[in-house]
Amino acid sequence: MTAVHIVFYIFALIATVSATAVVTVRNPVRSVLSLVVTFFSMAGIWMLLRAEFLSLILLLVYVGAVMTLFLFIVMMLDISGETSKGGFVRYLPFGLIIVLVMTGVLMAAGPAYFSGMQLPLPADKPADYNNLKALGSILYTQYAVAFEMAGVILLAAIVAAIVLAHRGPKHRKVQVISKQLDAQPEKRVRLVKMKPEPKSPKTDGGK
Amino acid sequence: MDNFLLWTALAMALLPLMGTLIAGLSGRLLSRTLTHRIVVSLVGISFFLACYLFKVFVLDNHAPLDASFYTWATAGVLRFDIAFLIDRLSATMSMIVLFVSFMVHIYTIGYMADDPGYRRFFSYVSLFTFAMLMLVLADNFLLMFFGWEGVGLVSYLLIGFWFKREAANLGSLKAFLANRIGDIGFILAMAAALAYFGTLKYHDVFMQVPGLADKTMHLLPSYNVSVITLISLLLFIGAMGKSAQVPLHVWLPESMEGPTPISALIHAATMVTAGIYMVARMSPMFEFSPTTLSFILVIGGTSAFFMGLLAVVQYDIKRVIAYSTLSQLGYMAVALGASAYDAAIFHLITHAFFKALLFLAAGSVIIAMHHEQDMRKMGGLASYLPVTYLTFVIGSLALCAIPPFAGFYSKDMIIDAVYLSTTPGAAYAYYCVLGGAFVTSLYTFRALFMTFHTNERWDPAVRDHIKESPWVVLFPLVALAIPSVFAGQVLIGPILFAHPSMLGNTTFVLPDHNVLFKLASHFHGAKRMALEAGKTLTFWIAMSGIVTAWLFTAKYPKWSEWFKQRFSVLYAILVRKYGFDDFNQIVLTEGTRDAGHLCYEVSDVKVIDGVFVNGSGRLTRWFAQTARRLQTGYLYHYALAMVLGIVALLVWYAGGF
Amino acid sequence: MPSLNEFLMLASLLFGLGVAGVILNRKNIIVLLMSLELILLAVNTNFVVFSYFLDNYAGQIFVFFVLTVAAAEAAIGLAILVVLYRQRHTIEVQDLDALKG
């Protein structure tokens, strides 16, 4: 049981617990924060797997951008958090069974398939191994088109998000200075001639 | 010469058709007199041509002619030719048909004189003559079937001639439907003949029959039947319908709703004999099927005796003669079954004469009695209608087989032939025809005594109306009475015992069935046969029938009342005609209607409408309602569905390992 | 270094939890979107693990792109959520049944 094993198990445990928390806690803010913790632990595991670039990107992009966005939304929307949880408990057994079946199949079939392959641990990399450089040399040459298309997708996402969420200009009153300066007195006041109305004879002097 | 004869035959057949068209289509353009003159002359010319052909083919022994005028259609194996086969049998038959038809045409001038449908009647009667001639002259099954159906159709038209009468309409329908049931047999026989012989021409079929004598076919899974037996049986079923054998006889009494001339022509002399003619024509085939011959014997015997019994209890004069016809047709069938085809045709010829005579004489009585047909309201007419009375007596004597009248020779020959026949069922038929001889005399003379003798039971006020009919009515009576007297003596030698016989080799008999050949050794001439009649059993049976009739009707009428009461059950059975009509009414008519009702209620309304039509709609709606519940609108349900799909795929995929 | 199986089991566990979150959650669309992120995380982990063991960078490249698309999708998803909230004033999944048949 090497140190790597122990580190792996710790990270795995944290990830599992916080993933459960994402699904089960009631407070949505706590839910989001649990997901952040999950991402952190998974980033750690990826680091173990020598995918340094990706683990850091995970943290930067996912946690830094996407989770922040989630938090913004959670706080923006007025969610009356304590809604009925009755539905959850009633369907819990059924859903749980489904999930257990699926996970069980995955976990059972996986080893059965892959144990036959006897994948050996790969050789250690040389000391000047640079994951970033290795990825970059493939990404910009072989997968260049895909890279560009990813950019286009992001552009589409930007446009879509803005168009969806954008409300039109709020209708509010503002001062239009040019109009104020254009005001003419003749247009503001109008004199009208009127006949006086006769006094009624019954009015008192005022005693 | 051959060509000339063929064209003569064609003209003989087509002249009546021309008469039909002229009388039928010209309407008021031609006066009644002119119409009947044209039509009767055309039939007369046809009759003359028939006599000429008879002379050429029978007396001068010309070889048979078989030629086609026109091919109507071909369809694979099936060929429909308008082709005539003129030989001794068809020449003889056409002469008889045209003679009786000619007499009836002349008779009609007097009988239907004051009927509004005068021209229509002539048109129909000529049409009948045409159809019957086509039947007789045909050389293939299909053309004969054309004539067969034609005579059935015209019978329908003529029975329902007075179409404003309910009874006439019903009677005509009954006749047509009973005929049709027989026709099913004929059509099936044609189909079988086409299938097994590959042709419908008589000659080609008969050539192949001996070769196929042993061939059988699978009728039911475990039951093989000889092909020849099957075809001949089906053909006889057709004959049963047309010639009114039991159980398809039910239409003949109702057909008396038609005018008397057509009762004489169609239901005595010609149409009903078409079945007999057909079997005689097909004798080369029937001979090879002993089963069918036995069947014919049994059916014929049953008709001969039991139908005769029914005539004893009838009060309508025409019905008595109708049942008599049924009985005599049974005799002809019995002769056919005993393989004495020539004797059957002989009886057919003599019967045509005396039965037509009896019908026309009855018609004369009916005219005189102002269309009264019930014998209980007649009586003592002998002095008022002497000629009618005399011809009626001649007809009756011929019918009862009293020597030396025509019926004696033909009927006795049949009885002797059946006696000698070894086909199974001949014994039963023999006793039937023997009993039939007694019964025949009984009802015939009962009718004669009730009508012409005994007390005058009619209203004295109609006395002035009772006078002899005009000469146009009496002439045919006399013309038919003469052959009724002499035809038997003249024809018996040539037709049965001469070599070559009058019918030559148109009828075919297998050597071990040939009873007529055995009878030839007993035959010593017509005169001797008449003189020796006293030695035969049948003569005394017939005489005892006459004496019984005289006792019960003329001398002691009270005896018949006593008899009716004493044997009331038997009487009731006879009056209800053995229950045939009741059976048809209850089982077939109402049964079919109830079956139809059932089909409608159950299978149409409940099954097809309810289950299939409405049911499929309901099923679709139910399915839609149920499936609709899947569309809950909730995201998590849809996600669940997706996950279930994934699980299924996973399990399936993982199961592969 | 843990064996391949252990990494894969961790990934499948996270995947299961994410799916549970999607189908069991009834009260919050945001939790649903977050569960989606969990699922994507599990898949990404899978890719990285295999990339390590098979010594092939294609896995990591794929993760790169998945990350991109996931971010874009989260953004748009949340924008839609905002618009939905403006209309309905609720984000409970139970109340969103307008597509009910």
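What you see is a predicted model; the values in this text were computed from it and never measured. Labels below follow one simple rule: chain letters A, B, ... track the order of the sequence lines, proteins then strands, and each chain is numbered from 1.
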For atom [atom1] of [X], decide whether the heavy atoms of other residues, nucleotides or ligands shown that lie under 6.0 angstrom number more than 12.
{"X": "A:Gln180", "atom1": "CD", "value": "yes"}
{"X": "A:Arg30", "atom1": "CZ", "value": "no"}
{"X": "C:Phe65", "atom1": "CZ", "value": "yes"}

Given heavy-atom pairs under 4.5 angstrom as the criterion, report whether the side chain, backbone, both or neither of [X] touches chain C.
{"X": "A:Thr20", "answer": "both"}
{"X": "A:Ala3", "answer": "neither"}
{"X": "A:Met76", "answer": "side chain"}
{"X": "A:Ala65", "answer": "neither"}
{"X": "A:Val32", "answer": "both"}
{"X": "A:Leu35", "answer": "side chain"}
{"X": "A:Tyr143", "answer": "both"}

Parallel, tilted or perpendicular for C:Tyr85 and C:His89, by the 30°/60° rule? perpendicular

Return the orientation label for the A:Phe147 and A:Tyr140 ring planes: parallel under 30°, perpendicular over 60°, tilted otherwise. perpendicular

With respect to chain C, which residue among [options] yields the maximal number of heavy-atom pairs within a distance under 4.5 Å?
{"options": "A:Leu100, A:Ile138, A:Ile98, A:Ile162", "result": "A:Ile138"}
{"options": "A:Ala146, A:Gly151, A:Ala161", "result": "A:Ala146"}
{"options": "A:Leu48, A:Val22, A:Val99, A:Val7", "result": "A:Val99"}
{"options": "A:Val61, A:Leu69, A:Thr2", "result": "A:Leu69"}
{"options": "A:Ile158, A:Ile153, A:Val66, A:Leu135", "result": "A:Leu135"}
{"options": "A:Ser31, A:Ala156, A:Ala160", "result": "A:Ser31"}

Please identify, among [options], the residue contributing the most non-hydrogen atom pairs under 4.5 Å to chain A.
{"options": "C:Val82, C:Ile80, C:Val48, C:Asp55", "answer": "C:Val48"}
{"options": "C:Thr90, C:Val83, C:Val22", "answer": "C:Val83"}
{"options": "C:Ile23, C:Leu33, C:Leu78, C:Ile76", "answer": "C:Leu78"}
{"options": "C:Leu14, C:Leu41, C:Leu17", "answer": "C:Leu41"}
{"options": "C:Val69, C:Val19, C:Val31, C:Thr45", "answer": "C:Thr45"}

With a 4.5 angstrom heavy-atom cut-off, which part of [X] approaches chain A: side chain, backbone, both or neither?
{"X": "C:Glu6", "answer": "both"}
{"X": "C:Leu84", "answer": "neither"}
{"X": "C:Leu13", "answer": "both"}

Does any part of the side chain of [Y], heavy atoms only, come nearer than 4.5 Å to the side chain of [X], both counted from C-beta?
{"X": "C:Leu4", "Y": "C:Phe50", "result": "yes"}
{"X": "C:Phe53", "Y": "C:Phe7", "result": "yes"}
{"X": "A:Arg50", "Y": "C:Gln60", "result": "no"}
{"X": "A:Val145", "Y": "A:Glu148", "result": "no"}

Is there a side-chain contact (heavy atoms from CB on, under 4.5 Å) between A:Met47 and A:Leu56? Walk through the geometry before answering. CA-CA 8 Å; A:Met47 199 70 87; A:Leu56 292 174; 4.2 Å; yes

Less than 3.5 Å apart, any donor N or O on the side chain of A:Ser34 or A:Ser18 sitting next to an acceptor on the other?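 Not at all, the side chains of A:Ser34 and A:Ser18 share no donor-acceptor pair under 3.5 Å.
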
Quick one: does any side-chain atom of A:Ser55 pair with a main-chain N or O of A:Trp46 as donor and acceptor, under 3.5 Å?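 Flag not set: sc A:Ser55 to bb A:Trp46 has no pair under 3.5 Å.
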
Are the ring centres of A:Phe11 and A:Phe40 closer than 6.0 Å?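 No, the ring centres sit 6.0 Å or more apart.
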
